[in-house]
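Presented below is the structure to which this report refers.
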Amino acid sequence: MTQLLTDATIQAQASRLSGWTVEGSKLQTTRKFKDFIAAIEFVNKLVEPAESSGHHPDIEISYNKVTISLTTHDAGGLTQKDFDVAQTISRIS
Ligand SMILES: C[C@H](O)[C@H](O)[C@H]1CNC2=NC(N)=NC(=O)C2=N1
């Protein structure tokens with residue numbers, strides 16, 4: 001199982017990730033698009049990296065806004081996997 005990160009490591013890694021915040025045991029970001037279709041197109045682009053990394057974001061869609069939460073369910077909190085997937089998602093437009 002992937003190891004939980006310490007609070008200090010979480011803060012250090014979060015400070016290097018633009019647009020993401022730590023909310024309890026989750027890493028979270030919200031992206032806004034021009035409409036629902038654009039939001040869905042973005043969500044579709046998350047499928048391949050999630051599957052290939054074996055790590056899956058929680059996704060909430062509200063019309064043109066997509067909120068992505070990352071946590072490692074198996075470990076019960078934030079691990080390096082969450083930050084790695086967040087970096088990958090940050091590069092997707
Ligand atoms: C067996 C499988 O790899 C695991 O259950 C994976 C699947 N995707 C996952 N995704 C997330 N976000 N957290 C997990 O703990 C997790 N576990």
Side-chain angles (χ1 to χ4, degrees):
M1 188 195 290
T2 315
Q3 230 185 327
L4 285 176
L5 298 176
T6 63
D7 286 348
T9 306
I10 289 168
Q11 291 313 322
Q13 297 230 31
S15 70
R16 293 195 288 268
L17 256 186
S18 169
W20 292 78
T21 56
V22 176
E23 307 292 341
S25 59
K26 293 179 176 181
L27 195 53
Q28 201 166 83
T29 194
T30 298
R31 298 266 286 262
K32 196 171 176 183
F33 297 89
K34 76 173 163 55
D35 55 23
F36 183 66
I37 290 175
I40 295 294
E41 284 171 353
F42 171 69
V43 168
N44 279 330
K45 292 181 195 167
L46 305 180
V47 174
E48 195 282 320
E51 281 296 299
S52 62
S53 65
H55 204 63
H56 304 85
D58 296 332
I59 300 166
E60 184 183 300
I61 304 163
S62 176
Y63 175 48
N64 63 343
K65 275 192 296 191
V66 179
T67 299
I68 301 166
S69 302
L70 285 164
T71 192
T72 304
H73 305 111
D74 296 349
L78 288 169
T79 67
Q80 191 57 47
K81 276 189 180 179
D82 299 304
F83 283 93
D84 292 348
V85 172
Q87 283 283 6
T88 301
I89 291 173
S90 291
R91 291 187 213 108
I92 298 172
S93 52

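What you are looking at is a predicted structure, and each value in this text was computed from that prediction instead of being measured. Remember, it's 1-based here, ligands and their atoms both numbered in the order they're listed.
The single protein non-hydrogen atom nearest to atom 14 (C) of ligand 1 is His73 N, 3.5 Å, given as residue, atom name and distance. Considering only non-hydrogen protein atoms, atom 17 (N) of ligand 1 sits nearest to Asp74 OD2, 3.1 Å. For atom 10 (N) of ligand 1, the nearest non-hydrogen atom of the protein is His56 N, 3.0 Å.
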### Task
Give the C-alpha distance, both sets of side-chain angles, the deciding distance and a yes or no for side-chain contact (heavy atoms from CB on, under 4.5 Å) between Ile89 and Phe42.
CA-CA 10 Å; Ile89 291 173; Phe42 171 69; 4.2 Å; yes
### Task
Run the numbers on Val43 and Val66 for side-chain contact (heavy atoms from CB on, under 4.5 Å), then give the verdict.
CA-CA 8 Å; Val43 168; Val66 179; 3.8 Å; yes
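Considering backbone and side-chain N/O atoms, Thr72 never comes within less than 3.5 Å of an N/O atom of ligand 1. At least one N or O atom of Gly54 sits closer than 3.5 Å to an N or O atom of ligand 1.
In this structure, the side chain of Lys45 engages the main chain of Ser93 through a donor-acceptor pair within 3.5 Å.
If you look at Asp82 next to ligand 1, there are no close heavy atoms at all, none under 4.0 Å.
Of all atoms in ligand 1, listed by their number and element, those nearer than 4.0 Å to a heavy atom of Thr71 are 11 (C), 12 (N), 13 (N).
Counting protein heavy atoms under 4.0 angstrom from atom 4 (C) of ligand 1 gives one or more. Remark: atom 1 (C) of ligand 1 lies closer than 4.0 Å to no protein heavy atom.
Lys81 and Thr72 make their closest contact through CB-OG1, 4.5 Å (heavy atoms, listed as atom of the first residue, atom of the second, distance). Closest non-hydrogen pair, Lys26 versus Ser69, comes out as CD-CB, 4.0 Å.
Scored by the side-chain contact (heavy atoms from CB on, under 4.5 Å) test, Thr29 finds Trp20, Ile68 as partners (sequence neighbours excluded).
In this structure the side chain of Thr71 never reaches within 4.5 angstrom of the side chain of Gln28, judged on heavy atoms.
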